[in-house]
Amino acid sequence: MRRFILLVTLSLVLQHIAAPVYAQKFALWRPFAQRGGAGAAAVKTPRTSHINISRQLDKRVAATYVQAEQAQTQLPDGRRMIMGEPVQKVFKTWELNPQELYPQQTFLRNSEQTGKYLAARNNRLFLQEIRRMEKVWMQIDENLPRLYTEAQALDQPQEPIAWLADVIPPQTTQLFIGEAHGYSEIHQSVANLLREIRSRQTAREIILFTEFLPEELKWTGRRPSIADVPELFHKYFPIWDQALESKIQVIGLELPAAVDGPCEVRYLNARGMLTKTSVWASLEGVRLRNERWVKTLTKYRAQHPDALFIIYTGADHSLYNRPFTLADNNASEKTFVSVLYPNKFKSFASSGRLIATPIAKTMPDPLERLIEDLDFERPVVKWTSPDLPQIAGFDVRIKVPVQLSDIDY
């Protein structure tokens with residue numbers, strides 16, 4: 001009897017203890033149960049949404065690629081697209097941060113979707129760029145006689161870099177130095193130009209902004225700065241050293257993801273071949289970079305209203321007639337665009353199936369690249385008509401003599 005009473009009592013105690021636990025468990029489950037099957041669907045929604053977004057982006061990339069490919073095949077003969085190709089796919093996207101690159105596109109959940117969105121945007125931009133370039137080509141055609149006349153009329157300077165420092169208008173607030181990448185002689189010319197500019201503007205504050213240093217990095221010399229600079233930028237160190245010697249501050253522009261980033265695009269080149277390049281060399285990649293660089297320039301302009309800003313990048317970022325040009329970033333700036341190109345480049349002539357002999361060819365300048373058979377042969381070109389720089393893309397172009405012995409591609 002005692003044993004029975006003990007069992008009954010123990011059972012009641014266990015029920016009393018377990019009831020709150022069960023009630024708590026039921027309370028946690030109840031909100032989902034009250035919605036019937038919707039609770040389970042709600043749990044799966046993020047995954048489902050992710051899949052749907054990715055599928056839609058895949059469709060956009062495929063559709064825009066076909067449109068861009070068709071448009072590319074219909075380009076007029078002899079007309080060249082300097083920037084932009086149809087992008088078929090993006091690889092190695094893990095450094096593409098949607099919050100950083102596309103903060104307004106809140107539906108992008110991860111870097112893979114960001115890469116797809118970038119590819120589709122690139123292809124739509126390519127279609128727009130063709131329409132823009134049709135106007136550029138037409139302007140060049142209409143003004144070719146004047147362009148050739150003025151190019152031939154310039155007396156060639158014996159010291160082009162010193163001459164360039166002389167012809168930069170004193171009221172200039174933005175001086176662009178655009179280069180063709182990979183030539184040590186051009187790097188030396190840039191360093192010399194900085195020294196020449198300082199010798200003519202001894203009291204003015206001058207700040208050098210450059211693509212060839214990470215964003216916001218302020219060059220203070222090799223010893224403290226070298227650890228923060230990727231190796232591909234080390235060949236520019238002599239330029240920064242000359243800037244410091246000339247009391248010119250040096251500030252980096254390149255956004256973090258583009259500094260030696262791994263992301264690549266597979267694109268269709270003008271010869272109809274699929275090949276790969278950095279995503280940051282694509283049309284949309286350049287747009288994103290230029291947009292970011294303008295924000296940096298705008299911020300520092302507010303802090304240094306009277307300084308001369310020298311912006312040193314690859315030429316296609318700043319030429320007047322290129323897409324998303326930095327040269328038009330602020331209407332209040334007084335801009336001067338100079339371009340340093342090599343006078344020749346290394347090509348290869350095939351002799352049979354297995355032998356390729358390196359040969360030197362004349363390097364087309366930024367204007368010559370736009371239309372086949374243009375030839376502004378003189379080493380230095382400067383326009384006198386005020387409308388021609390916008391048409392040609394630059395105020396001054398200098399072809400720097402190069403040896404091709406240490407060229408890096």
State, to 0.1 Å, how close [X] and [Y] come at their nearest heavy-atom pair, and which atoms those are.
X	Y	value
T114	N110	OG1-O, 2.8 Å
V90	G115	CG2-O, 3.3 Å
P169	F336	CD-CD1, 3.4 Å
V380	P160	CG2-CB, 4.0 Å

Counting C-beta onward and ignoring hydrogens, is there a side-chain heavy-atom pair between [X] and [Y] closer than 4.5 Å?
X	Y	value
P379	P157	no
T298	N330	no
N321	L370	yes
F345	P364	yes
I161	L340	yes
L374	L144	yes
V294	L326	yes
L194	I206	no

**Stepwise side chain to side chain contact (heavy atoms under 4.5 Å, CB included) check, M133 with M81** = CA-CA 8 Å; M133 282 302 302; M81 296 289 293; 3.9 Å; yes
- State plainly whether the residues E100 and R292 are in salt-bridge range, i.e. N to O under 4.0 Å. yes
Residues at least two apart in sequence or cross-chain that pass side-chain hydrogen bond (donor to acceptor under 3.5 Å, both in side chains) with T106, listed by chain then number, are none
In Å, rounded to the nearest 0.5 Å, how long is the span from [atom1] of [X] to [atom2] of [Y]?
X	Y	atom1	atom2	answer
K135	M138	NZ	CE	8.0 Å
L193	I177	CG	CD1	4.5 Å
Y320	F394	OH	CZ	11.0 Å
I168	L308	CD1	CG	8.0 Å

Using modelled atom types only, decide if a donor and an acceptor are shared between the side chain of [X] and the backbone of [Y] within a distance under 3.5 Å.
X	Y	value
D395	S338	no
T64	V61	yes
T325	L319	yes
E185	V402	no
E150	S385	yes
S111	E95	no
S282	G285	yes
W163	Q158	no
S199	E196	yes

For [range], which residue pairs pass the salt bridge (charged side-chain N to carboxylate O under 4.0 Å, His left out) check, not counting sequence neighbours?
range	answer
residues 78-90	R79-D141
residues 272-291	R121-E284, E211-R289, E254-R289, E284-R287, R287-E291
residues 310-333	R301-E333, D316-R322, D316-R369
residues 160-173	D166-R200

Item checked: E368 and D375: CA distance, side-chain angles, deciding distance, side chain to side chain contact (heavy atoms under 4.5 Å, CB included) verdict -> CA-CA 6 Å; E368 294 164 339; D375 186 7; 3.7 Å; yes
Assess the side chains of N329 and Q174: does a donor N or O sit below 3.5 Å from an acceptor N or O? yes
> Strictly by modelled atom types, are N52 and Q56 linked by a side-chain donor-acceptor pair under 3.5 Å?
Replying inline: no
All N/O donor-acceptor pairs, side-chain side in residues 263-273, below 3.5 Å, sequence neighbours left out:
from: R266; atom 1: NE; to: Q88; atom 2: OE1; distance (Å): 2.5
from: R266; atom 1: NH2; to: Q88; atom 2: OE1; distance (Å): 2.9
from: N269; atom 1: OD1; to: R271; atom 2: N; distance (Å): 2.9
from: N269; atom 1: OD1; to: G272; atom 2: N; distance (Å): 3.2
from: N269; atom 1: OD1; to: M273; atom 2: N; distance (Å): 2.9

When the ring planes of Y236 and F233 are compared, do they come out parallel, tilted or perpendicular, using 30° and 60° as the limits? perpendicular
Parallel, tilted or perpendicular, as decided by the 30° and 60° cut-offs, for the rings of Y148 and F376
parallel
The ring pair (Phe, Tyr, Trp, His ring centres under 6.0 Å) partners of Y65 (sequence neighbours excluded) come to none
Sorted by chain and residue number, the ring pair (Phe, Tyr, Trp, His ring centres under 6.0 Å) partners of F237 (sequence neighbours excluded) come out as W219, H234
Contacts satisfying ring pair (Phe, Tyr, Trp, His ring centres under 6.0 Å) that involve residues 270-297 (not counting sequence neighbours) are W293-H317
Residue pairs passing the ring pair (Phe, Tyr, Trp, His ring centres under 6.0 Å) test with at least one member in residues 102-121, sequence neighbours excluded, are Y102-Y117, F107-Y117
One pair to check against side chain to side chain contact (heavy atoms under 4.5 Å, CB included): Q113 and K116. What are the steps and the verdict?
CA-CA 5 Å; Q113 291 179 353; K116 295 175 182 179; 5.5 Å; no
Result for salt bridge (Lys or Arg N to Asp or Glu O under 4.0 Å) between D365 and one of K399, R397, K344 points to R397
Sequence neighbours excluded, the answer for side-chain contact (heavy atoms from CB on, under 4.5 Å) partners of P401 is N343
Between I248 and I197, is a side chain to side chain contact (heavy atoms under 4.5 Å, CB included) present by the stated rule, with each step listed?
CA-CA 10 Å; I248 297 174; I197 291 172; 5.8 Å; no
* To do: Evaluate salt bridge (Lys or Arg N to Asp or Glu O under 4.0 Å) for E134 paired with R131, printing each intermediate quantity in order.
  => CA-CA 5 Å; E134 288 172 349; R131 293 192 291 271; over 6 Å; no
Residues passing the salt bridge (charged side-chain N to carboxylate O under 4.0 Å, His left out) test with R222, sequence neighbours excluded, are D241
